[in-house]
Amino acid sequence: DYIKVIKGISDLEAEVQKILGISQVLIVPGAYNPEYNKTELGRFAAGELKKILANRKDELTILAVTGGTTMAEVANTMTWDGENRQIIVIPGRGGLGEDVEIQANTIAATIAKKLGGTYRMLHVPDNLQETTLNSLCQEPQIKEVLDLLARANILVHGVGTAEEMAKRRGLSLSEINYLKEVGAVGEAFGFYFSEDGKIVYTTTSVGLKLDDLKRDDLLVIAIAEGEEKARAILSVVSPEYHDILITDEKTAREMLEIF
Ligand code: F6P
């Protein structure tokens, strides 16, 4: 039976990989088990991340992360294995209006400690004017993180539905209506995507731009689960930006269903 389960999962991974066109899809089994929750996905992803880092032992790794409850599970379930690593963990983007527990800064610090590395924070308040943001970028402390981001080796990020993220960030009614009008379905690190994968709205912030994700030497990993997120994942994850998707069985089946 175990073999059957594993075989089923690898077939599913191959199918999802085909529709997304990315290099790898990793699916954590067990989503139909009543005891399954997001923690399982977090633990699985934390393990996969460590495997990737094991192959980069002799070089410095700059790891960028985003916020959200899924990424918080990755950070919280990651275990400290007593190993010190040449790794700097940084937030992928500044100030996206999340509670402190699920902010990228907090997650970066937790992951850095568990991996025996160091971290930098990106202290950028939300809803700043463009001109203020531009001058903030010249501040040495912020500039250092932005320079690190430009050289990041790995980005691990969550994906949300446009609707949920707009609510969570307290967007105004007119902004929410605008998102509906332009057909935003998915969100990742401040960018809102339509069903056909176009960026239809951007949160004003500093940090990674979508074009940065196209860099060949940046490994981009999306982590997301939940049937309600299937459409969002399909809109966000593309071969243009992504290398790996980590999700669960239920979400994967739903993605195939609606594709
Ligand atoms: O706000 C940070 C962020 O990573 C978003 O870009 C993403 O849509 C969201 O969090 C995912 O959050 P969650 O894992 O809680 O669904």
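Start at 1 and go down the list; that is how both ligands and their atoms are numbered.
Using a 4.0 Å cut-off between heavy atoms, Ile102 makes no contact with ligand 1 at all. Contacts between Glu164 and ligand 1, counted as non-hydrogen atom pairs separated by less than 4.0 Å, are absent for every part of the residue.
Relative to atom 6 (O) of ligand 1, the option among Glu225, His157, Glu187 with the closest non-hydrogen atom is Glu187. Distances from atom 11 (C) of ligand 1 to the heavy atoms of Val159, Thr161, Leu96 put Val159 nearest.
Salt bridge status for Glu257 with Arg231: absent, with no side-chain N to carboxylate O gap under 4.0 Å. Between Asp248 and Lys250 no salt bridge is recorded (no basic side-chain N to carboxylate O distance below 4.0 Å). Salt bridge annotation for Arg151-Asp147: absent, with no cationic side-chain nitrogen under 4.0 angstrom from a carboxylate oxygen.
Residue pairs meeting the ring pair (Phe, Tyr, Trp, His ring centres under 6.0 Å) criterion with at least one partner in residues 25-46, sequence neighbours excluded, are absent. Applying the ring pair (Phe, Tyr, Trp, His ring centres under 6.0 Å) test to pairs two or more places apart or on separate chains, those with a residue in residues 211-259 are His157-His242.
Among all protein heavy atoms, the one lying closest to atom 14 (O) of ligand 1 is Thr70 OG1, 2.5 Å. Nearest protein heavy-atom contact of atom 4 (O) of ligand 1 is Gly67 O, 2.7 Å. Regarding atom 12 (O) of ligand 1, its nearest protein heavy-atom neighbour is Arg168 NH2, 3.0 Å.
Heavy-atom neighbours of Lys214 NZ from other residues, nucleotides or ligands within 6.0 Å: above the threshold of 12. Within 6.0 Å of CD on Glu163 lie no more than 12 heavy atoms contributed by other residues, nucleotides or ligands. Sparse packing is recorded around CD of Gln141, with 12 or fewer heavy atoms of other residues, nucleotides or ligands lying under 6.0 Å away.
For the residue pair Thr203/Ser205, the side-chain donor-acceptor check at 3.5 Å is not satisfied. No hydrogens or angles considered: nothing links the side chains of Glu13 and Ser10 as a donor-acceptor pair under 3.5 Å.
Ligand 1 lies within reach of Arg169, whose nearest heavy atom is under 4.0 Å from it. Under a 4.0 angstrom heavy-atom cut-off, Glu73 registers as lying outside contact with ligand 1. Close to ligand 1: Glu98, with a non-hydrogen atom less than 4.0 angstrom away.
Of the N or O atoms in Gly160, one or more lie within a sub-3.5 Å distance of an N or O in ligand 1. Annotation: Thr66 places an N or O atom under 3.5 Å from an N or O atom of ligand 1; distance criterion only. The shortest N or O to N or O distance between Phe189 and ligand 1 is under 3.5 Å.
Ligand-side atoms of ligand 1 in range of Gly68: 10 (O), 12 (O), 14 (O), 15 (O), range being under 4.0 angstrom from any heavy atom. Short contacts between ligand 1 and Lys229, defined as distances under 4.0 Å to a heavy atom of the residue, involve ligand atoms 13 (P), 14 (O), 16 (O). Taking every heavy atom of Ala188 and a limit of under 4.0 angstrom, the matching atoms of ligand 1 come to 6 (O).
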